[in-house]
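Everything below concerns the one structure shown next.
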Amino acid sequence: MRMRSTLVEAGLLAALTAGGTGAAEAAPGTPAGTASSSCGQRARVEVFREGGVPLLDWRENLEFDGRGTLWVSNLTKHRVEGYAPDGTSRGGFRLAGPGGIRRGPDGMMYVNYGVNPLTPRGGVVRFDPAAAEPRPQRVVDGISGINGLAVDSAGNLYLSRELSTGILKIRPDGTRDEAWTKAASIFGSNGLDIVGDQLYVSVLTDPTSRIVRVPLDDPGRYTTVARLTPNPLRDKFLDDLTHFRGDLVVAGFRSGELIRVDPATGRSCVLATGLRMPTSVRAAQGFGGLDPAHHLFVVEASGRIVRVTVD
C-alpha cells in the first residue's frame, strides 16, 4: 500500500476510465462489461458487490473460508467484511488497515493489519470464521511495511514487504525465522501464494512486472518465473496472485487485467481486462456451489468485488 499510494497517480486516470466509478450498490450478477481474453477462453466479468468512492473504499484482499463465506479486507474503512454467496453481508469486525487475508491449516482466518500507511503499527491477527461474532486475536505485533500474506501447511506465516528486502517468515509460535527471511532476499514483494512446496511472489517494484518462485525449504534458491512487461514504461504494477487450473493468475493493478501465467514456462496471456485497479484474486472455494475451476473473485481499489467466470 505504501508504494502503491505513490504510484496510483500514474495509473489512476486510465484505471478509472476503464468503466466509471459506480457508487450505487448492484445486485450480484450485474454485468460489468465485456471481458476480453487472449488465453483462448471466454471470461465473463460480473459485479458481485459495488464499491463506493474509488481509493476511499479500497478493498485490498479476499479469501474464502470453505464454509460458505467470502472474507474481504477493506483497507481504507478499516474493516474485515464477510459476504454470503448471494452478496448479502455476514458481518465482520473493525481492524486497523487490514491487508492480506488467508485461511490457515487450522481452519482459522489470518489477516495482516497496519497495511494502511496511516496505521504504522502492524502485525497479524486470526479469527474463527464459524463464530457468530468473529473476534480478532493477535498473533504477532510490531511489524511495519507489510502487505501480502500466505500460510503453509505447518502454519508458518509469510508476509510480503513492498519497500523492504526479504519476505518475512513467522513461525506458528509467533517468532521470526530470520535466516529464512534473509535468504528470500527479494525487494518489493507484494502478492504471495503457496502451491505445494513453492511460494510464488509478485514483485510490485520491478518495472518488468516480475513473478518469482521461492522453494519453501531452500529460499535462497529463488528463481524468476516470468517478466510480464519487458518495457518498463508499461509496468503493470503487479498485485496479488493465486493458483488456477495449474497456472497462476495475477492482478495487474495499473493495467486493470488478470494475467494467466504458466509457472513451468513463464508464458502468459491476458485472461480478463477492464478491471478497476484490481488488488487481489482468488478461486471460489466452498462458496454457493461455484466451481473453483471456473469462478474467480477479484477485489479492487475502486471498492468493487467482481466475479470472473472462465469457460
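Everything numeric in this text was worked out from a predicted model, so none of it was measured.
Every side chain to side chain contact (heavy atoms under 4.5 Å, CB included) that D128 has, sequence neighbours left out, goes to R67, M108, A130, A131. Every residue two or more places apart in sequence or in another chain that forms a salt bridge (charged side-chain N to carboxylate O under 4.0 Å, His left out) with R282 is listed here: E63, D193. D217 meets the side chain to side chain contact (heavy atoms under 4.5 Å, CB included) test with P215; sequence neighbours excluded. Not counting sequence neighbours, D65 has no partner by the salt bridge (charged side-chain N to carboxylate O under 4.0 Å, His left out) test. Legend: residues meeting salt bridge (charged side-chain N to carboxylate O under 4.0 Å, His left out) with K77, ordered by chain and number and at least two apart, are D57.
Here K236 pairs with E257 in a salt bridge; the nearest charged N to carboxylate O distance falls below 4.0 Å. A salt bridge between R59 and E81 is present, with a side-chain N of the basic residue lying under 4.0 Å from a carboxylate O of the acidic one. A salt bridge links R307 to E46: at least one charged side-chain nitrogen sits closer than 4.0 Å to a carboxylate oxygen. By the 4.0 Å N-to-carboxylate-O rule, R42 lies close enough to D311 to be salt-bridged with it.
The two residues N112 and N147 come nearest to each other via the heavy atoms ND2-O, 2.8 Å. The shortest non-hydrogen separation linking A251 to S280 is CB-N, 4.4 Å. The nearest pair of heavy atoms linking V125 to V139 is C-CG2, 4.0 Å.
Among pairs with a residue in residues 139-149, those fulfilling salt bridge (Lys or Arg N to Asp or Glu O under 4.0 Å) read R121-D141, R138-D141, at least two apart in sequence or across chains.
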### Message
With side-chain contact (heavy atoms from CB on, under 4.5 Å) as the criterion, how do V111 and L149 come out once you've worked through the C-alpha distance, each side chain's angles and the decisive distance to 0.1 Å?
### Response
CA-CA 8 Å; V111 193; L149 174 66; 5.8 Å; no
#### Entry: L70 vs F297, side-chain contact (heavy atoms from CB on, under 4.5 Å): CA-CA, chis, key distance, verdict
CA-CA 9 Å; L70 167 62; F297 278 69; 4.1 Å; yes
### Task
Starting from the C-alpha separation in whole Å, work towards a yes-or-no answer on side-chain contact (heavy atoms from CB on, under 4.5 Å) for Y158 and I170.
CA-CA 6 Å; Y158 301 86; I170 308 294; over 6 Å; no
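Side-chain contact check for D173 and T175: at least one donor-acceptor pair (N or O, by modelled atom type) lies under 3.5 Å. Checking N61 against D240 by side-chain atom types alone, a donor-acceptor pair falls below 3.5 Å. Side chains of Q41 and R260: a donor-acceptor N/O pair is present below 3.5 angstrom, by distance only. Judged purely by distance below 3.5 Å, without hydrogens or angles, the side chains of S302 and R276 never pair a donor atom with an acceptor atom.
Taking the six-membered ring for Trp and the full ring otherwise, F253 and W58 have centroids separated by under 6.0 Å. A ring-centre distance under 6.0 Å is not found for W71 and Y83. The aromatic ring centres of Y110 and F127 sit 6.0 Å or more apart.
Residue L258 holds its CG atom at 11.0 Å from SG of C269, rounded to the nearest 0.5 Å. Between the OH atom of Y113 and the CD1 atom of I146 there is a distance of 8.0 Å, given to the nearest 0.5 Å. A distance of 6.0 Å separates CG of L248 from OH of Y200, quoted to the nearest 0.5 Å. For the atom pair CZ of R254 and OG of S209, the computed distance is 9.5 Å after rounding to the nearest 0.5 Å. Taking OG of S144 as the reference point, atom CG of L163 lies at 10.0 Å (rounded to 0.5 Å). From L62, atom CG reaches atom CG of L296 across 10.0 Å, with rounding to the nearest 0.5 Å.
Around CZ of R90, the count of heavy atoms belonging to other residues, nucleotides or ligands within 6.0 Å exceeds 12. Enclosure of atom CZ in R234 is not indicated, since only 12 or fewer non-hydrogen atoms of other residues, nucleotides or ligands lie within 6.0 angstrom.
In this structure the side chain of R126 never reaches within 4.5 angstrom of the side chain of P136, judged on heavy atoms. At a threshold of 4.5 Å between non-hydrogen side-chain atoms, the residues M109 and I101 count as touching.
Hydrophobic clustering (side-chain heavy atoms under 4.5 Å, transitive across Ile, Leu, Val, Met, Phe, Trp, Tyr) keeps L204 apart from V250.
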